[in-house]
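Structure, as structure tokens:
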Amino acid sequence: MLRSISLILPLTSLACSCLVSCSPDSGSPQVNPGNPSSTISQLSQSERNKIGMKIWQNESGGKVSGLTHWNVGEEFPSMGIGHFIWYPKGFKGPWTESFPRFVNYARQRGSQNIPAWVTNAQHCPWPNRQAFLNDFNGQKLSSLRQYLANNVTLQTDFIIATSESALPKMMAAAPAAQRATIKNNYHKVASTSHGTYALIDYVNFKGDGTNPKERYNNQGWGLMWVLMEMRNVPAGQAAASEFAAAAKRCLDRRIQNSPKARGESRWKAGWHNRCNTYARPL
């Protein structure tokens, strides 16, 4: 039986709902994505490993059991260290379905031992949470958890590659008057290793902000909106701290704009705790 992996990183309060912790609205990133001169591309392997483990810690406490998860009240499960969502047949939600994109990325990279049932599946094979839980220790989910636990670096690379593709998408989608602000703030935040982690984690956590479906009252909460929200501060620690503060302001606005029946205020503390990690060194 797989055991939880103990992490040195401090446990943050988790934002437990993948319904509100979704990947960006983009296709599978290329095997060699991004600008070779970008800060993200220049991350050392040690920094990449720390970021991947921190994301896993954010999503499910670094537990192997959390690599296949289905939250109460959601219509889909979440897979991997980044809780990539996977829709059952017949469900079409507004959130970006990221698990099939990870599988495509893994195949592009020539990953070995992807469970055959995963590569052959057109949809999530469990129609609801109860069916998923009934099969939690079955062959399918056990083999998937084993594969994901053995390929943390590959999942980290996928998350980083997806984040690298975000800046050109944001520049294309943003109002012309905001593009310089977005670009300048992006590079200010990326000037520290924990700022770079913040950019990478936030895209995985709340998207790049370009998906028009992921908005309430025409206001979004993804990365593009956080960068537009930031106050004018210098690069470095000041930018990382302001990014964390701006992210919390955007998420608070999301809660205020959300339908009351969704009860999104219950996620506020966890969301804030996650954003607070952006202002602290890796």
Modelled atom types, side-chain donor and acceptor of T156 and R48, under 3.5 Å: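 Checked: T156/R48 side chains show no N/O donor-acceptor pair below 3.5 Å.
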Over 12 foreign heavy atoms within 6.0 Å of CG, N113: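 Counting other residues, nucleotides and ligands, CG of N113 stays at 12 neighbours or fewer.
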With sequence neighbours excluded, what pairs up with [X] under the side chain to side chain donor-acceptor pair (under 3.5 Å) test?
X    : answer
T153 : none
W126 : D135
R129 : none
D252 : H272

Expected output: side-chain E229 to main-chain A247 donor-acceptor under 3.5 Å: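 Such a contact is absent between E229 side chain and A247 backbone.
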Listed once per pair and sorted, the ring pair (Phe, Tyr, Trp, His ring centres under 6.0 Å) pairs that draw on residues 134-155, sequence neighbours left out: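 Qualifying pairs, neighbours excluded: none.
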Residue pairs, two or more places apart or on separate chains, that pass ring pair (Phe, Tyr, Trp, His ring centres under 6.0 Å) and touch residues 164-185: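 Sorted pair list comes back empty.
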Residues forming a ring-ring contact (aromatic ring centres under 6.0 Å, His included) with Y186, sequence neighbours excluded: none
Counterpart residues, ring-ring contact (aromatic ring centres under 6.0 Å, His included), relative to W225 (two or more places apart): none
With V118 via side-chain contact (heavy atoms from CB on, under 4.5 Å) - residues at least two apart: F99, V103, I114, P115, L144
A279: side-chain contact (heavy atoms from CB on, under 4.5 Å) partners, not counting sequence neighbours: Q237, S241, A244
Qualifying salt bridge (charged side-chain N to carboxylate O under 4.0 Å, His left out) pairs with a residue from residues 189-204, counting only residues at least two apart or across chains: D201-R274
Pairs satisfying salt bridge (charged side-chain N to carboxylate O under 4.0 Å, His left out), at least one member in residues 171-183, at least two apart: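 Sorted pair list comes back empty.
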